[in-house]
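Data block below; observations after.
Keep in mind the model is a prediction, meaning the values are calculated, not measured.
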Amino acid sequence: MTDSQQSDETATDLTETAAPAADGAGIDAAGAQEPAAPEEAAAAETPAPEPAAAPAPAPAPAPGPRPSAPSPAAFASRPKPAAAAPVAAPVPAAPSTSVAEAAKWARVEGDGHVFLKIDDGEHLVGQYPGVSDDEALAYFARKYDDVLAQIVLLEQRVSSKAPSTDMQKTVTHLREQLAERNMVGDLRAAEARLDQLAGQITELEKAEKAEHDAVRASELAAREAIVAEAEQISGQDPAQTQWKTSSARMNELFENWKAAQKSGVRLGRSNEDALWKRFRAARTVFDRHRRAYFSQLDSNNSAAKAAKEKLIAEAEALSTSTDWGFAAGEYRRLMDQWKASPRASRKDDDALWARFRAAQDVFFTNRQAANDEIDQEYAANLTVKEALLAEANEILPVKDLAAAKKALQSIRDRWEEAGKVPRADMGRVEAGLRKVEDAVRHAEEEQWQRSNPERKARTNSALSQLESAIAGLQEDLAKAEQSGDQRKIKAAREALEARQAWLDQIQRSASELA
């Protein structure tokens, strides 16, 4: 219930307990007309009261329209910062001024004229004719209670740190009511409470402004972060951008921007416009780069498809060839070109590769079938060559070189007459025969080395030189022994032993050559 509604409720309750009064009865001193004289009020303005009912006071007319206190709906609809709202304290009971208390601040004179005692003087409040003095005082005291109730409510709102919107207007409105002097009570005390409230409301407004500024700064930073990330995404190298991830993130940023605009605090038109222009520009650049990238990608994809379609055509043309060696070489060339070609899209590339691979498979399947047929024809040749290989192995180890060479030549002649063997066995049997050939060749080389005339001449010359050197060393040793010089004896003996060892080795080699 608003403050004005509470005042109206009070007047209605009073009217229900008293008879209707004349339109001019109970006029405040601050009303539009002067208070009537007692005899005029009785004769002209106050009708005779009905039996068993007291005349009802008429509320004092306002000097002009006065602002009403803000309604709870106005506070509820006010935008609030993100901070949690304080829990409202219980509203205290409305104050009530007793007649005895009212008598301290006013007196009644004549036919219901009420005078307010204030600042060591008196002020005519109004008139409530046709009732007792206590009733007249109680009526104007209730008007003071109405104002006091609004002050108490305002104090409660300030202490609970409710939103300060229109609080100062309420203080001004209550001051104006008190300034009309149309009520009875401690007006100066009420005005002092309003002064205190005005200061508290000012502090509350400052705190709210600081909180609002903090929330606004936080919101501004959040918007700046959205814009900065959008600019960072749009500034990436298009060739290195992960478009799926970046597009999803850019959409998230746009949704965050819309949510901030819808539920966040206002940043001011200049800030909003500047940030939006940057954000819009970043999104525009990003979209332009994305379109250009995928357009180029489509172009590259078309070129790659065309190049690989050409390779596929060549591979399919070769798939029925029976020139196995030539076609296999061509397929190796086509495979090298395929690896060097740019990739198309994954879906297209997989389909193209399947076609290329299928053409190869046709050729190599046909070649394998032809080889299998040939291998069946060469199976009998394999049996012959395996028998020849067993015969060749009997030559080893080579003891009689002439007999071994004769036997190997016979085996070679029959080997050639046997013909080809299956491809899978060719390497094995050829390696077996090559082993025997290598052994015979090695034995032949050893025999040649032993019968080499040049080597024999060099060996004989070395023997002559060593024998002459040994004879000289023997003489040196004899002379050293006669002189008794141990150092010379030792040196001569070591030199003699070394030459004798060389002589023994050369003599063994000469014996082998012989």
Side-chain angles (χ1 to χ4, degrees), residues 318 321-333 335-336 360-361 363-467 498-514:
L318 286 169
S321 174
T322 56
D323 189 350
W324 310 120
F326 170 76
E330 287 297 294
Y331 273 118
R332 285 192 292 272
R333 177 182 63 82
M335 177 61 75
D336 292 339
Q360 285 185 325
D361 289 345
F363 168 77
F364 287 108
T365 300
N366 292 340
R367 189 182 70 170
Q368 184 62 41
N371 289 336
D372 291 343
E373 185 177 352
I374 293 173
D375 287 346
Q376 290 178 1
E377 296 177 1
Y378 293 164
N381 300 342
L382 177 62
T383 302
V384 173
K385 285 195 172 183
E386 285 181 338
L388 291 172
L389 184 59
E391 183 181 345
N393 284 325
E394 293 178 358
I395 297 174
L396 304 179
V398 178
K399 297 178 180 179
D400 185 346
L401 180 60
K405 291 173 65 175
K406 182 177 180 181
L408 180 60
Q409 185 60 45
S410 174
I411 292 171
R412 282 174 175 167
D413 294 341
R414 287 176 287 160
W415 188 276
E416 293 298 329
E417 291 175 359
K420 296 181 179 180
V421 298
R423 294 171 62 87
D425 300 297
M426 185 182 299
R428 176 176 61 83
V429 295
E430 291 291 341
L433 182 61
R434 194 160 45 247
K435 176 182 176 182
V436 176
E437 291 174 339
D438 290 343
V440 172
R441 187 181 303 110
H442 181 68
E444 189 175 12
E445 288 176 355
E446 286 184 346
Q447 184 178 10
W448 164 250
Q449 291 295 334
R450 286 195 299 270
S451 62
N452 190 344
E454 294 181 1
R455 183 177 179 185
K456 285 184 177 181
R458 287 196 300 270
T459 302
N460 293 332
S461 175
L463 284 172
S464 299
Q465 292 176 5
L466 281 175
E467 288 173 352
R499 299 302 188 281
Q500 188 65 48
W502 292 353
L503 179 62
D504 293 340
Q505 184 176 359
I506 292 175
Q507 286 176 342
R508 283 195 300 271
S509 298
S511 176
E512 291 176 359
L513 291 175

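The nearest pair of heavy atoms linking V421 to D425 is CG2-C, 4.2 Å. The two residues F326 and L318 come nearest to each other via the heavy atoms CE2-CD2, 4.4 Å. For the residue pair V398 and A443, the shortest heavy atom distance occurs at CG1-CB, 3.9 Å.
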Per-pair distances, 0.1 Å, donor-acceptor, side chain in residues 384-397, under 3.5 Å, sequence neighbours excluded:
residue: K385; atom: NZ; partner: G419; partner atom: O; Å: 2.8
residue: E386; atom: OE2; partner: R428; partner atom: NH2; Å: 2.8
residue: E391; atom: OE1; partner: R414; partner atom: NH1; Å: 3.2
residue: E391; atom: OE1; partner: R414; partner atom: NH2; Å: 3.3
residue: E391; atom: OE2; partner: R414; partner atom: NH2; Å: 2.8
residue: N393; atom: ND2; partner: L389; partner atom: O; Å: 3.2

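For K406, the salt bridge (charged side-chain N to carboxylate O under 4.0 Å, His left out) criterion is met by no residue, not counting sequence neighbours. With sequence neighbours left out, the salt bridge (charged side-chain N to carboxylate O under 4.0 Å, His left out) criterion links D438 to R441. Residues satisfying the side-chain contact (heavy atoms from CB on, under 4.5 Å) test with A498, not counting sequence neighbours, are none. Scored by the ring-ring contact (aromatic ring centres under 6.0 Å, His included) test, F364 finds Y331 as partners (sequence neighbours excluded). In this structure S321 satisfies the side-chain contact (heavy atoms from CB on, under 4.5 Å) test together with D323, A327, sequence neighbours excluded. Every residue two or more places apart in sequence or in another chain was checked for a side-chain hydrogen bond (donor to acceptor under 3.5 Å, both in side chains) with Q360, and none qualifies. Residues satisfying the side-chain contact (heavy atoms from CB on, under 4.5 Å) test with R412, not counting sequence neighbours, are L408, Q409, E437. For D361, the salt bridge (charged side-chain N to carboxylate O under 4.0 Å, His left out) criterion is met by R357, not counting sequence neighbours.
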May I have the step-by-step check of side-chain contact (heavy atoms from CB on, under 4.5 Å) for T365 and F363, ending in yes or no? CA-CA 5 Å; T365 300; F363 168 77; over 6 Å; no
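Applying the salt bridge (Lys or Arg N to Asp or Glu O under 4.0 Å) test to residues at least two apart or on different chains, the pairs with a partner in residues 396-405 are K405-E444.
Atom CH2 in W415 sits 13.0 Å away from atom CG in D413 (nearest 0.5 Å).
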